[in-house]
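First the structure, in the form of structure tokens, and then the observations on it.
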Amino acid sequence: MNSMYFTEEHELFRESLQEFLKKEVVPHVDKWEKEGTIERFIWKKFGEMGYFGIAYPEQYGGLGLDLFYTVIFLEELQKINSGGFAAAMWAHAYLAMTHLNKEGDERIKQEYLAPSIAGEKIGCLCITEPFGGSDVAGMRTTAVKDGDTYVLNGSKTFITNGVYSDYLVVAAKTNPELGNKGISIFVVDRETTGISSTKLDKLGWRASDTAEIAFDNVVIPAENLMGEEGKGFPYIMQHFALERLVMGVNAHARAAYALEYAIGYMGERQAFGRTIDKFQALRHKVAEMASEVEMCKEFNYSIAKRLDQGDYVVKEASMSKLMSTKIADDVIYHCLQLLGGYGYTEEYPLARMFRDSRLGPIGGGTSEILREIISKMVIDKKEYKPAT
Ligand SMILES: Cc1cc2nc3c(=O)[nH]c(=O)nc-3n(C[C@H](O)[C@H](O)[C@H](O)COP(=O)(O)OP(=O)(O)OC[C@H]3O[C@@H](n4cnc5c(N)ncnc54)[C@H](O)[C@@H]3O)c2cc1C
């Protein structure tokens, strides 16, 4: 336990979450990975246990706990080794629901946030489009005001929970000529006429339903606009700090898990008459990886602390995701190597971890885009401010 950040209450929460995951999730994971579908009952169970409400206000059924409960939630999800299952859970709780909580009005919170916390409604966040994801301001989906409705047209892609979710948090242009100042955010019911989605076949995250979604003259009530019209871009950017830290924490947790597994394996596997953890070349590699993972973890915890205190840590969260996902990919690559041929088989956890980890430097802002953002802050002294 790192007592600088985690209390005894945090650790009790971690233990009970571990128990829950072992009993309720682990027995089903291989099936969900194979079928690309996560059964509904588990969403309900997560809701009943309060896991979706960790960070949300009590008045909507949440627990209103500090960010280190979220850190524990993310870390433990990585340890069950299904990047897709973990993604489905955190995309719901920390991508879609963050917007409901921050920008939704009271009606939206009652209709969407409360049932999301209860695990009765599943959400997704739709920003990326087929014509380009990195260039968020270049999105083409439009929402045209028509009386007391908006009419949505366009398409989104790579949307986590994009097939099975009950509602969609959608970014669309309400004023295309204004560029990034013309983007707004809406909550849209899945059942609305004109929405269709197609599941994508992916390298990893196989339990998660990543989808391409089309909006064909989708009429939604004007009151489903979240926050102010035209403020969508700053809202998205503001929440990217949390999203990037989430992905940074996920990365250090899966790297730590891979390392722990590989060290255990090395203590059992024999070659040349001794266990392979006695070979200096491998010992030094493990020492280096352990140091890298530890540095990421400590950095991520310190950023979580600052974010929890209300600091706007967009630079540090971008650095967290950039470095943690890079280190996780490298560590998992080498841990797979430590298992020799067994690392390459589905009988052992490293193969899936290797596939799942590859998404880290791509989703939620690619490493190239993060370098671009960080270089603007570090070299050009650009200051990003939170949306007001
Ligand atoms: C499994 C999965 C789940 C996802 N879940 C979601 C989700 O829930 N919601 C959502 O909205 N999106 C989601 N995404 C989308 C993800 O965020 C995008 O894939 C990502 O932002 C990159 O966008 P793109 O794929 O369009 O790549 P592009 O923007 O087309 O980029 C292609 C390449 O060019 C590079 N590049 C682009 N611009 C620059 C530049 N200025 N300088 C240097 N290099 C550049 C990129 O780094 C990348 O290497 C998901 C993606 C995946 C694969």
Side-chain angles (χ1 to χ4, degrees), residues 13-29 31-33 35-67 69-80 82-104 106-126 159-170 187-191 197 199 205 207-211 226 239 242-243 246 250:
F13 171 74
R14 189 188 291 278
E15 279 166 30
S16 79
L17 174 59
Q18 282 171 346
E19 279 296 301
F20 171 84
L21 293 173
K22 199 165 133 198
K23 183 161 165 261
E24 305 290 352
V25 178
V26 172
H28 307 281
V29 155
K31 180 176 170 220
W32 297 338
E33 282 279 321
E35 294 176 357
T37 311
I38 295 161
E39 287 162 282
R40 272 281 169 160
F41 74 86
I42 197 65
W43 294 88
K44 194 79 189 55
K45 282 195 175 164
F46 265 61
E48 282 161 8
M49 294 299 290
Y51 296 137
F52 293 138
I54 291 170
Y56 294 102
E58 289 174 36
Q59 67 194 106
Y60 306 108
L63 300 169
L65 297 170
D66 67 62
L67 197 55
Y69 286 91
T70 292
V71 168
I72 292 169
F73 178 71
L74 298 169
E75 288 182 334
E76 294 306 320
L77 276 176
Q78 291 301 311
K79 292 190 203 159
I80 59 166
S82 170
F85 178 78
M89 299 297 127
W90 63 254
H92 166 64
Y94 295 101
L95 302 191
M97 284 167 62
T98 300
H99 282 277
L100 298 178
N101 186 45
K102 295 284 184 193
E103 290 109 43
E106 186 54 27
R107 180 193 64 88
I108 287 174
K109 284 182 175 143
Q110 293 294 350
E111 275 185 35
Y112 297 94
L113 183 62
S116 296
I117 290 171
E120 286 157 2
K121 279 189 180 173
I122 305 171
C124 65
L125 176 64
C126 308
I159 306 306
T160 304
N161 297 338
V163 178
Y164 303 115
S165 53
D166 303 292
Y167 65 87
L168 307 89
V169 174
V170 181
V187 60
V188 181
D189 264 324
R190 164 73 60 182
E191 296 309 319
S197 56
K199 197 176 195 170
W205 278 25
S208 156
D209 56 313
T210 312
M226 294 209 286
H239 303 327
L242 174 64
E243 186 180 332
V246 164
N250 289 339

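For this chain, numbers begin at 1 and follow the sequence in order. These numbers come from the heavy atoms of this one structure, side chains and all, not from hydrogens, waters or symmetry mates.
- With contacts defined as side-chain heavy-atom distances shorter than 4.5 Å, the pair Leu100/Tyr56 does not qualify.
- For the pair Gln18/Arg14, a side-chain contact is recorded, criterion being any heavy-atom separation below 4.5 Å from C-beta on.
- Taking 4.5 Å as the limit, every side-chain heavy atom of Tyr112 sits out of range of all side-chain heavy atoms of Tyr60.
- The CD atom of Glu106 sits 10.5 Å away from atom CD1 of Ile108, with the distance rounded to the nearest 0.5 Å.
- One finds the CZ atom of Phe52 at 13.5 Å from the CH2 atom of Trp90 (value rounded to the nearest 0.5 Å).
- Across all non-hydrogen atoms, the minimal contact from Val29 to Ser82 is CG1-CB, 3.8 Å.
- In this structure, Glu191 places its CD atom where only 12 or fewer heavy-atom neighbours from other residues, nucleotides or ligands lie under 6.0 Å away.
- Checked for salt-bridge contact, Lys44 and Glu48 meet the test: a charged N lies under 4.0 Å from a carboxylate O.
- Closest non-hydrogen pair, Ala88 versus Asn161, comes out as O-ND2, 3.0 Å.
- The shortest distance between side-chain heavy atoms of Thr37 and Lys199 falls below 4.5 Å.
- Scanning both residues, Cys126 and Ile159, for their nearest heavy atoms gives CA-CD1, 3.6 Å.
- A tilted orientation is assigned to the rings of Phe41 and Trp32, their planes being inclined by 30° to 60°.
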Derivation and outcome, side chain to side chain contact (heavy atoms under 4.5 Å, CB included), residues Leu65 and Phe13: CA-CA 11 Å; Leu65 297 170; Phe13 171 74; 5.6 Å; no
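- When side chains are defined from C-beta on, Ile117 counts as touching Met97, because their heavy atoms get closer than 4.5 Å.
- Remark: Glu243 CD to Leu125 CG distance equals 7.0 Å, nearest 0.5 Å.
- Put simply, the side chain of Trp43 does not reach to within 4.5 Å of the side chain of Lys121, judged on heavy atoms.
- Lys45 has its side chain out of reach of Val25: every pair of non-hydrogen atoms, C-beta onward, lies at least 4.5 Å apart.
- Atom CD1 of Ile54 sits about 10.0 Å away from atom CG of Asp66, to the nearest 0.5 Å.
- Between Val169 and Met226 the shortest side-chain heavy-atom distance falls below 4.5 Å.
- Note that the CD1 atom of Ile122 and the CG atom of Asp209 stand 8.0 Å from one another [nearest 0.5 Å].
- Checked against a 6.0 Å centroid threshold, the rings of Phe20 and Phe46 count as neighbours.
- The minimum heavy-atom distance linking Leu95 with His99 is given by the pair O-CD2, 3.4 Å.
- For the residue pair Ser165 and Cys124, the shortest heavy atom distance occurs at OG-SG, 3.4 Å.
- Among all heavy-atom pairs drawn from His92 and Gly123, the shortest one is ND1-N, 3.0 Å.
- Ser116 and Tyr167 are linked by a side-chain donor-acceptor pair at a separation below 3.5 angstrom, with hydrogens and angles left out of the test.
- Exactly one residue among Glu111, Lys109, Gln110 makes a side-chain contact (heavy atoms from CB on, under 4.5 Å) with Arg107. That residue is Glu111.
- To the nearest 0.5 Å, atom CG of residue Leu77 and atom CG of residue Asn250 are 8.0 Å apart.
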